[in-house]
Amino acid sequence: MEIDFSKKLPISFYQQDTISVANQLIGKIIVKIDEKNSILAGKIVEVEAYTQYKDEASHSFVGMTKRNKAMFEIGGILYVYFIYGMYFCANIVTNKKDIGDAVLIRAVEPIFNLEQISINRYGRKDITNKQKLNLTNGPGKFCAGFGINTTHNFVDLTSNSIFILDGNEEKIEIGVSERIGINKSKELQRRFYLKGSQFLSR
DNA sequence: ATTCCGATTGCCT
DNA sequence: GGCAATCGGAATG
């Protein structure tokens, strides 16, 4: 896959209102280039917005802590945290400095280097069709497949290690729903997904 | 120091 | 549908 760096999203993209960024992220291409220069890429098909204010489910609701510090930076970096003793979740930090907002990447359609993503997920490149659909269809699965962990916390999304490209200009339909796996602020409609995608978390 | 529990996943019935 | 795995974060004492 050739990467068109001219399509890399500018820093200003991330500094917009968080709900707006969440919507616009659907259909975009997230790229990771690892230490061995191998390229992984996927289309973002599902995200969730988390904001400091009026959102009790957000890590930042209680203010800045050691864990959520990245959320308070200016939009355009990654916030990665460890959860349930064994998984990682990756977020796109949004909005202005000192506002603790971010967008969780919940699911991605793998589009390049499925072999490496399979190895990262299952330890082998030959997998069943069902496993192919399950490669990156959840926040923990996406991080595992793309090799994202807390060493990527604070990574600059305008760098060449992890970044996001504008997708095709095709018209897409975006669905909206309540968020998944939370117990507070359940009523907020802040999950956004690509309608019809086979790679959603549910 | 202790306690509770989580922005998940995979396996089980 | 239920639930165990597994451990660090945050609140509390």
Side-chain angles (χ1 to χ4, degrees), chain A residues 14 17-19 21-23 25-26 30 42 44-73 75 77-95 99-110 117-124 127-155 157 162 164 174-194 197-202:
Chain A
Y14 303 100
D17 168 77
T18 304
I19 305 297
V21 174
N23 269 279
L25 279 172
I26 300 300
I30 188 161
I44 298 171
V45 297
E46 181 180 338
V47 301
E48 284 175 356
Y50 288 87
T51 62
Q52 178 180 2
Y53 300 108
K54 300 174 184 176
D55 181 2
E56 293 187 74
S58 175
H59 288 172
S60 55
F61 185 76
V62 296
M64 193 189 293
T65 65
K66 183 177 180 183
R67 175 175 65 168
N68 68 22
K69 203 168 187 302
M71 292 183 79
F72 291 82
E73 291 296 315
I77 66 170
L78 221 49
Y79 165 46
V80 184
Y81 63 89
F82 185 56
I83 188 71
Y84 289 111
M86 54 188 109
Y87 303 111
F88 298 98
C89 290
N91 297 253
I92 308 300
V93 174
T94 58
N95 219 321
I99 296 182
D101 290 8
V103 177
L104 172 70
I105 306 292
R106 274 201 67 87
V108 153
E109 173 181 342
I117 296 170
S118 300
I119 289 169
N120 290 345
R121 279 273 289 136
Y122 297 109
R124 57 183 180 278
I127 56 175
T128 65
N129 286 332
K130 178 169 182 150
Q131 285 175 319
K132 278 177 189 163
L133 289 171
N134 288 329
L135 277 177
T136 52
N137 64 341
K141 298 177 193 176
F142 162 67
C143 284
F146 275 60
I148 294 172
N149 54 56
T150 46
T151 67
H152 302 287
N153 199 22
F154 287 97
V155 160
L157 293 170
I162 300 175
I164 302 177
I174 298 177
V176 183
S177 79
E178 295 182 349
R179 294 171 294 182
I180 294 170
I182 56 169
N183 291 302
K184 301 172 186 168
S185 295
K186 279 183 170 174
E187 71 286 355
L188 296 180
Q189 304 288 299
R190 291 186 166 189
R191 169 176 175 255
F192 305 95
Y193 58 93
L194 181 61
S197 171
Q198 300 179 85
F199 297 90
L200 302 179
S201 67
R202 63 172 66 173

What integer distance in Å separates [X]:[atom1] from [N]:[atom2]?
X: A:Tyr50; N: B:dA7; atom1: OH; atom2: P; value: 7 Å
X: A:Glu56; N: C:dA10; atom1: CD; atom2: P; value: 16 Å
X: A:Asn68; N: C:dA11; atom1: CG; atom2: C1'; value: 14 Å
X: A:Arg202; N: B:dA7; atom1: CZ; atom2: C1'; value: 12 Å
X: A:Arg67; N: B:dA7; atom1: CZ; atom2: C1'; value: 9 Å
X: A:Tyr81; N: C:dG9; atom1: OH; atom2: P; value: 13 Å
X: A:Arg121; N: B:dG10; atom1: CZ; atom2: C1'; value: 10 Å
X: A:Ile180; N: B:dG6; atom1: CD1; atom2: P; value: 16 Å

Lys/Arg-Asp/Glu bridge criterion (N-O < 4.0 Å) met for A:Glu46, A:Arg106: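 The answer is yes: the pair qualifies as a salt bridge.
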Electrostatic pair A:Asp55:A:Lys184 at N-O distance under 4.0 angstrom: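 Salt bridge between A:Asp55 and A:Lys184, a charged N being under 4.0 Å from a carboxylate O: no.
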What nucleotide among [options] has an atom nearest to a side-chain atom of [X]?
X: A:Lys141; options: C:dC7, B:dT8, B:dG10; answer: B:dG10
X: A:Asn183; options: B:dT8, B:dA7, B:dG6; answer: B:dG6
X: A:Lys66; options: C:dC7, C:dA10, B:dA7; answer: C:dA10
X: A:Arg106; options: B:dA7, C:dC7, C:dA11; answer: B:dA7
X: A:Met86; options: B:dA7, C:dT6, B:dG10; answer: C:dT6

Secondary structure string for DNA chain B (Watson-Crick or G-U under 3.5 angstrom, | for other-strand pairs): ||||||.|||||.
Donor-acceptor under 3.5 Å ([X] side chain, [Y] main chain):
X: A:Gln52; Y: A:Gly63; result: no
X: A:Asn149; Y: A:Phe88; result: no
X: A:Asn153; Y: A:Val80; result: yes

A:Arg67 charged N/C atom sitting above A:Tyr79 aromatic ring, 6.0 Å / 45°: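 No; the conditions do not both hold, so A:Arg67 does not lie above the ring face of A:Tyr79.
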Centroid-centroid distance, A:Tyr81 to A:His59, less than 6.0 Å: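 Between A:His59 and A:Tyr81, which both carry aromatic rings, the centre distance is below 6.0 Å.
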Aro-ring/base stack A:Tyr84-B:dT8, d under 5.5 Å, angle under 30°: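 Stack criterion met.
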Earlier contact from the 5' end, DNA chain B, for A:Gly140 and A:Gly85: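 Per heavy-atom nearest nucleotide, the more 5' residue is A:Gly85.
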Touch class at under 4.0 angstrom, heavy-atom based, for A:Leu104 against every strand present: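 A:Leu104: base contact, heavy atoms under 4.0 Å.
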Sugar-phosphate, base or nothing in reach of A:Arg191, heavy atoms under 4.0 Å: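 No contact.
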side-chain N/O A:Thr65 vs C:dG9 OP1/OP2, d < 4.0 Å: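 Answer no for this pair, as no side-chain N or O of A:Thr65 is under 4.0 Å from OP1 or OP2.
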Presence of A:His59 side-chain N/O under 4.0 Å of B:dA7 phosphate oxygens OP1/OP2: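 For B:dA7, OP1/OP2 do have a side-chain N/O of A:His59 under 4.0 Å.
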Euclidean distance, A:Arg191 CZ relative to A:Ile174 CD1, rounded to 0.5 Å: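 Output value for this atom pair is 12.5 Å.
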Between B:dC5 and C:dC3 - C1' atom distance, rounded Å: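 15 Å, rounded to whole Å.
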